[in-house]
Amino acid sequence: MEKKPITAGQCRAARAFANMSQEDLAKAARVGLSTVRNFETGRSTPVTNNLQAIMRVLEAKVSFLADGQTVDGGPGVRLK
């Protein structure tokens, strides 16, 4: 089963929790800096492979919550 994609807000929050800059995340995920920047600002959504790479890097430190999962409200992020 494929994981549900994260939102731009979840990416920003997870990166902050992980204490990573956009540059750090791009390098660790082996994607372009513009990929991270454009995603986090809502300009574009990365292609599936790039988004999965971003998620893998961030999931080493955080857990992504789906809409309404464990808490009321929308999608979120929690430290592991």
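As the structure is a prediction and not an experimental result, all values here were calculated from the model.
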Asp24 versus Asn19, closest heavy-atom pair with distance: OD2-O, 4.4 Å
Quick one: do Phe39 and Ser44 satisfy side chain to side chain contact (heavy atoms under 4.5 Å, CB included)? Show the steps, please. CA-CA 5 Å; Phe39 178 49; Ser44 64; 5.7 Å; no
Quick check for you: to the nearest 0.5 Å, what is the distance between Asn50 atom CG and Thr45 atom OG1? 11.5 Å
Between Met55 and Pro5, what is the shortest heavy-atom contact and its length? SD-CA, 4.2 Å
Check the pair Met20 / Lys61 against side chain to side chain contact (heavy atoms under 4.5 Å, CB included), numbers first and verdict last. CA-CA 11 Å; Met20 297 180 84; Lys61 299 201 179 203; 5.9 Å; no
Keeping Gln10 on the side-chain end and Thr7 on the backbone end, is there a donor-acceptor pair under 3.5 Å? yes
Going by salt bridge (Lys or Arg N to Asp or Glu O under 4.0 Å), name the residues that satisfy it together with Arg37, two or more places apart in sequence or in a different chain. Glu23
Let me confirm one number: the CZ-CG distance from Arg12 to Leu25, rounded to the nearest 0.5 Å. 13.0 Å
Using residues 26-36 as the side-chain source, report each donor-acceptor pair under 3.5 Å to any protein atom, sequence neighbours left out, with the distance given to one decimal.
none

